Amino acid sequence: MMSKKNEIVNLQHMTLPKNATPEQKELLTGMVRVNHLYRSALKVAVTQLEILDEEFSTMYDHSPIHHIEYRLKTLDSITEKLHRRGHEVTIDNIYTYIQDVAGVRVICNYLDDIYYLRRLLTRTECFTITRESDYIKNPKESGYRSLHLILDVPIVISEGTLHLPVEVQLRTIAMDMWASLEHELRYKSNRNFSEEDAKRLQLCSEAICEVDREMQNIYLGETPEYNA
Ligand code: 0O2
């Protein structure tokens, strides 16, 4: 779902219809700028996470990060989201209404690592959280669990310092497995996705939550929460 996409987008990469209106031309020129600015914000956020990860790998036995994925939202996906929310596709509306143009997914080893990283990330003056959705404490109806943060990330460009939102999704390996397969089953497979499937996936999510807690307890050397 999320892949590493880091290539530079130039105007010549974008196909403009021969009879393009001035608005379409303006949108495409603006998109080149959007792509550049959000790619820069993404780099800053990912680099900071990689620095923390490397620090842990060299200093301690345990690293909280299993791996990191990141992506820039495609123009199609931005367009779909703006339309779904009843907004026109304009550059101003992208900056105003789309908070996840730049997205980072941090896959953690243990449950506590998620909240530990959250603390580390926001301890510096560099990043502030502008929005937080804790789908671990309050899972979505589907069973989806992750901690979502919108970070305000500063980037230095020729005009000065600009602050842009970057969405950071933090989850365990088990939560990532669930989210990835649920997405595949719900949206991508050829089979019909039934109510029964949805219910079974909710149960899988609850089972995964228990597994995460127990793995955490084993790691910490704590007694099990169930009677074996
Ligand atoms: P992509 O390609 O993954 O980025 P929205 O739901 O987007 O209108 P909001 O508040 O921005 O509104 O989003 P939300 O629900 O906090 O988080 C949206 C992202 O979380 C989704 O990204 C998914 O990555 C993930 N997500 C949320 N709910 C589910 C779920 O039930 N199952 C799975 N597998 N993932 C979920 P996008 O936008 O789908 O695109």
Side-chain angles (χ1 to χ4, degrees), residues 1-7 9 31 34-35 37-39 41-43 45-46 49 66-89 93-108 111 114-115 117-118 121 128-153 164-209 211-212:
M1 198 167 90
M2 264 200 186
S3 55
K4 289 188 179 185
K5 284 184 191 152
N6 210 17
E7 67 274 5
V9 174
M31 271 313 294
V34 164
N35 188 284
L37 294 177
Y38 281 94
R39 195 163 45 84
L42 196 55
K43 270 188 192 169
V46 170
L49 284 158
H66 184 268
H67 70 277
I68 301 171
E69 300 169 1
Y70 50 91
R71 64 101 182 94
L72 282 180
K73 214 169 179 66
T74 61
L75 181 55
D76 281 353
S77 182
I78 290 173
T79 302
E80 184 278 320
K81 194 162 184 172
L82 282 174
H83 282 158
R84 181 157 42 89
R85 296 190 168 179
H87 304 295
E88 266 182 72
V89 183
N93 283 350
I94 295 174
Y95 286 115
T96 309
Y97 297 113
I98 308 289
Q99 300 281 290
D100 63 341
V101 174
V104 187
R105 190 169 285 158
V106 187
I107 319 299
C108 295
L111 211 46
I114 293 173
Y115 294 98
L117 269 177
R118 181 201 176 283
L121 271 179
T128 46
I129 297 177
T130 57
R131 202 176 83 193
E132 178 163 9
S133 307
D134 192 338
Y135 300 126
I136 298 173
K137 294 204 167 84
N138 302 299
K140 285 197 155 191
E141 212 186 320
S142 60
Y144 177 76
R145 293 167 200 265
S146 285
L147 176 67
H148 288 198
L149 308 173
I150 304 292
L151 290 186
D152 181 73
V153 173
L164 285 173
V166 173
E167 185 191 64
V168 181
Q169 299 182 350
L170 297 123
R171 55 173 74 152
T172 61
I173 304 166
M175 290 172 196
D176 190 53
M177 182 272 280
W178 183 94
S180 146
L181 294 184
E182 187 260 359
H183 188 265
E184 182 77 24
L185 287 166
R186 198 182 279 269
Y187 302 110
K188 292 200 178 149
S189 53
N190 293 327
R191 58 206 289 288
N192 276 337
F193 187 83
S194 64
E195 280 295 312
E196 172 70 12
D197 291 336
K199 186 75 210 143
R200 288 170 74 182
L201 278 164
Q202 277 173 357
L203 293 174
C204 287
S205 165
E206 283 165 26
I208 275 169
C209 175
V211 169
D212 266 336

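Both counts, for ligands and for their atoms, begin at 1 and track the order of listing. Bear in mind that the values here come from a model prediction, so they are computed numbers and not experimental data.
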> Between T130 and I150, is there a donor-acceptor pair closer than 3.5 Å when you use the side chain of the first and the backbone of the second?
Replying inline: yes
> So, Q202 side chain and E141 main chain: donor-acceptor pair closer than 3.5 Å or not?
Replying inline: yes
Distance under 4.0 Å to a non-hydrogen atom of [X]: what atoms of ligand 1 satisfy this?
X    : result
A179 : 34 (N)
Y135 : 14 (P), 15 (O), 16 (O)
K140 : 14 (P), 15 (O), 27 (C), 28 (N)
H148 : 16 (O), 17 (O), 19 (C), 20 (O)

Any nitrogen or oxygen of [X] lying under 3.5 Å from a nitrogen or oxygen in ligand 1? Just yes or no.
X    : result
E182 : yes
S142 : yes
E167 : no
R85  : yes

>> Quick test of your reading of the model: are R84 and E80 salt-bridged, counting only N-O distances below 4.0 Å?
In response: yes
> Charged N to carboxylate O under 4.0 angstrom, R145 versus D212?
Replying inline: no
> Do any heavy atoms of R131 fall under 4.0 Å from ligand 1?
Replying inline: yes
>> Heavy-atom contact check, 4.0 Å cutoff: does R105 meet ligand 1?
In response: yes
Mind checking whether [X] contacts ligand 1 via backbone (N, CA, C, O), side chain (CB onward), both or neither, at a 4.0 Å heavy-atom cut-off?
X    : result
R186 : neither
M175 : neither
R84  : side chain
R171 : neither

> Just checking, is any N or O donor in the side chain of S194 or D197 under 3.5 Å from an acceptor N or O on the other one?
Replying inline: yes
> Nearest heavy atom to atom 36 (C) of ligand 1: which of Y144, W178, Y187 does it belong to?
Replying inline: Y144
>> A quick test of your reading: do over 12 heavy atoms of other residues, nucleotides or ligands sit less than 6.0 Å from CZ of R186?
In response: yes
> H83: what forms a side chain to side chain contact (heavy atoms under 4.5 Å, CB included) with it, not counting sequence neighbours?
Replying inline: T79, V89
> Taking the inter-plane angle between the rings of Y144 and W178 on a 0 to 90° scale, is it parallel (under 30°), tilted (30 to 60°) or perpendicular (over 60°)?
Replying inline: tilted
> If you measure from CD on E132 to CG on L151, what distance do you get to the nearest 0.5 Å?
Replying inline: 9.5 Å
> Which pair of heavy atoms, one from R191 and one from L185, lies closest together, and at what distance?
Replying inline: NH1-CD2, 3.9 Å
